[in-house]
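Written out below as structure tokens is the structure these notes cover.
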Amino acid sequence: MSDSNPFDNDNDLAVQEAKPKLQKPPLYKVILLNDDFTPMDFVVEVLMDFFGMSEELATQVMLQIHTQGVGVCGTYTKDVAETKVTIVNEYSREHQHPLLCSMEVV
Ligand code: TYC
């Protein structure tokens with residue numbers, strides 16, 4: 001075999017092992033969808049209580065969802081995003097609102 005083959009290690013060639021590469025965990029956007037029935041105040045409350053927004057930012061995001069159809073509440077690891085989606089959807093149903101929360105990989 002020729003000396004240029006890195007697997008031909010029988011003549012004292014140093015072979016560097018590949019370092020295992022750790023992948024960063026994927027992130028997920030938690031999103032709220034617009035609908036015609038959920039009161040604006042309720043959406044603002046959800047954005048403040050479950051996503052830590054100020055009233056001013058929550059109002060801006062709610063209006064963006066109202067006009068554009070969808071908006072991002074935050075970006076989280078999979079477990080955290082799934083928990084937020086479940087909690088928000090349960091909370092909305094408890095209050096008889098059709099507000100829909102979902103997630104998408106970034
Ligand atoms: N479109 C709703 C209304 O006019 C308000 C609304 C905003 C609903 C954002 C859902 O994610 C939403 N009452």
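Whatever order the structure lists ligands and atoms in, that order sets their numbers, starting from 1. Values below: all heavy atoms of this structure, side chains included; hydrogens, waters and symmetry mates excluded.
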Please test N89 against S92 for side-chain hydrogen bond (donor to acceptor under 3.5 Å, both in side chains), starting from the C-alpha separation and ending with a verdict.
CA-CA 5 Å; N89 285 330; S92 300; 5.2 Å; no
If you define the side chain from C-beta out and look only at heavy atoms, does anything of P98 sit under 4.5 Å from T38?
yes
Taking C-beta and beyond as the side chain, do L32 and L47 meet within less than 4.5 Å on heavy atoms?
yes
D49: what forms a side chain to side chain contact (heavy atoms under 4.5 Å, CB included) with it, not counting sequence neighbours?
E45
Please report, to 0.1 Å, the donor-acceptor pairs under 3.5 Å made by any side chain of residues 18-31, with sequence neighbours excluded.
| residue | atom | partner | partner atom | Å |
| --- | --- | --- | --- | --- |
| K29 | NZ | E104 | OE1 | 3.4 |

Tell me, which pairs form a ring pair (Phe, Tyr, Trp, His ring centres under 6.0 Å) where one or both residues lie in residues 59-106, sequence neighbours left out?
F42-Y91, F42-H95, F42-H97, F50-Y91, Y91-H95
May I have a table of the N/O to N/O pairs between ligand 1 and the protein that fall below 3.5 Å, each row giving the two atom names and the distance to 0.1 Å?
| residue | atom | partner | partner atom | Å |
| --- | --- | --- | --- | --- |
| ligand 1 | 1 (N) | N34 | OD1 | 2.8 |
| ligand 1 | 1 (N) | D35 | O | 2.7 |
| ligand 1 | 1 (N) | H66 | ND1 | 2.9 |
| ligand 1 | 4 (O) | H66 | ND1 | 3.4 |
| ligand 1 | 11 (O) | L33 | O | 2.8 |
| ligand 1 | 13 (N) | T38 | O | 2.9 |

